[in-house]
Amino acid sequence: MDKLNVLVTGGAGFIGSHLVDALVERGHRVRVLDALVSQVHATGERPSHLHAEAEFVYGDVCDSDALERALEGVDVLYHEAAEVGVGQSMYEMQRYVRANTFGTSVLLERLAARRGQIRKLLVASSMSIYGEGAYTCPAHGLVYPQLRPTAQLVERRWEVACEQCGAELAPAPTAEDKPLFPTSVYAITKQDQEQLCLVVGRAYGIPAVALRYFNAYGTRQALSNPYTGVCAIFSSRLLNDQPPLVFEDGGQTRDFVHVSDIVRANLLALETDRADYRAVNVGTGRPTSIGEVGRLLAEGLGKNAEQEIVGKYREGDIRHCVADISRARDLLGYEPRVTLEEGVPELLGWVREQKATDAVARATAELETQGLVR
Ligand SMILES: NC(=O)c1ccc[n+]([C@@H]2O[C@H](COP(=O)([O-])OP(=O)(O)OC[C@H]3O[C@@H](n4cnc5c(N)ncnc54)[C@H](O)[C@@H]3O)[C@@H](O)[C@H]2O)c1
Ligand SMILES: [Zn+2]
């Protein structure tokens, strides 16, 4: 592959900065546009983890002029910038819609004006747009349930029941054709980002790919940001000798994907045109319960593995969602490489060197004030 001029929006963040490393290592010229959102970047300065050879442009994706400067000479664009926080998005709605939905529209207007110039647009989408994952019912086969009814959650019955016969459902791999049912403002804006990029990309002949990341973890995930990243949140609690706060009963499952696998999927999607104008899951296909993650992290840090099972639930939370990665395998030749057992020790090696303010109690209190934890 020839040397490209690549712009990574949000490139100072967790996933973006790892992507920048990989692009620089492959010999590409990389520029970063990032607004250094204070919740993620406590110092407000260019983070030390950002590769020294990357050019840094401080600016907001909602700022058309900043984008114009950042897009000068660019062949490929990775759009990773976003406000990231499911719970927070439920009361700071304008902030999420502005940065994610409006910001993407500003970006796309600038790209449309440069349509001959941009060879590829890759946008970070999210598993959150699915809502509940896919399930199977013994009688009805593959089903796509909505959120669990409030009456059921009030009774602390956590598993998902079939909407037709009431039988308990078994989680199934979630494929890209599952109907989308975003259950938070954040998820709605991620759906917007994905669809805006795919639709506008197609209209202007800018090959666009949306990668639906599952639950990312790895070094550099902002530990003090209480709104995102269960591994980071639990680690920050444990570092401060606090037990991880586990909602429901800890039996909910997610697909934890190491940041290096996400980065590799991004490079593969750049190198092929087979995924153009498509959305592709990026996960591992392996379910892990939240309780298990808490135990792995506590044991790894040598802390008491006791967890605080809150027994409460958060509005909009889903029970199970794990990726079907057949499309990524098929179109990208993607195969996840890092298991949680390998990824957690690496994460913790880094965590031990960090100082993290534990803002989880405050964040949970905010949700409770809004009536979003019950
Ligand atoms: N972390 C996950 O588990 C996960 C899962 C699915 C999707 N994603 C998506 O991946 C992308 C990267 O997420 P991350 O986990 O690295 O988060 P992050 O917060 O570490 O990185 C996001 C970066 O975007 C920047 N940013 C935010 N608003 C901006 C704006 N208006 N203009 C310019 N820059 C802005 C932030 O300063 C930050 O550096 C996001 O689009 C996120 O929605 C993340
Ligand atoms: Zn049924």
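Basis for what follows: all heavy atoms, side chains included, without hydrogens, waters or symmetry-related copies. Keep in mind that what you see is a predicted model, and the values were worked out from it rather than measured. When a ligand or atom number is given, it counts from 1 through the structure's own listing order.
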- [ ] Compute whether any side-chain donor of one residue and acceptor of the other, for T284 and H258, lie under 3.5 angstrom apart.
- [x] no
Task: Of the listed options Y186, Y58, Y96, closest to atom 42 (C) of ligand 1 (non-hydrogen atoms) - done: Y186
Open item on the list: Does the residue Y217 have a heavy-atom contact with ligand 1, meaning some pair of atoms that are separated by less than 4.0 Å?
Closed with: no
Open item on the list: Pair V282, R264 - check side-chain contact (heavy atoms from CB on, under 4.5 Å), show working.
Closed with: CA-CA 10 Å; V282 181; R264 213 151 26 72; over 6 Å; no
Open item on the list: If the cut-off is 4.0 Å to any non-hydrogen atom of A99, which atoms of ligand 1 fall inside it?
Closed with: 31 (N)
- [ ] Nearest heavy atom to atom 36 (C) of ligand 1 wins, so pick from V40, D34, L19, V61.
- [x] D34
- [ ] Please identify which atoms of ligand 1 are closer than 4.0 Å to at least one heavy atom of A216.
- [x] 1 (N), 2 (C), 3 (O)
TODO: Using the six-membered ring wherever Trp is involved, compare the ring planes of F56 and Y58 and label them parallel, tilted or perpendicular (cut-offs 30° and 60°).
DONE: tilted
Task: Atom indices of ligand 1 within 4.0 angstrom of F214 heavy atoms, with elements - done: 3 (O), 5 (C), 6 (C)
Open item on the list: Taking 4.0 angstrom as the limit and counting only heavy atoms of S126, give me the atoms of ligand 1 inside it, by number and element.
Closed with: 6 (C), 7 (C)
Open item on the list: At less than 4.0 angstrom from any non-hydrogen atom of I15, what atoms of ligand 1 do you find?
Closed with: 1 (N), 10 (O), 15 (O), 16 (O), 44 (C)
Open item on the list: So is G11 touching ligand 1 or not, going by heavy atoms under 4.0 Å?
Closed with: no
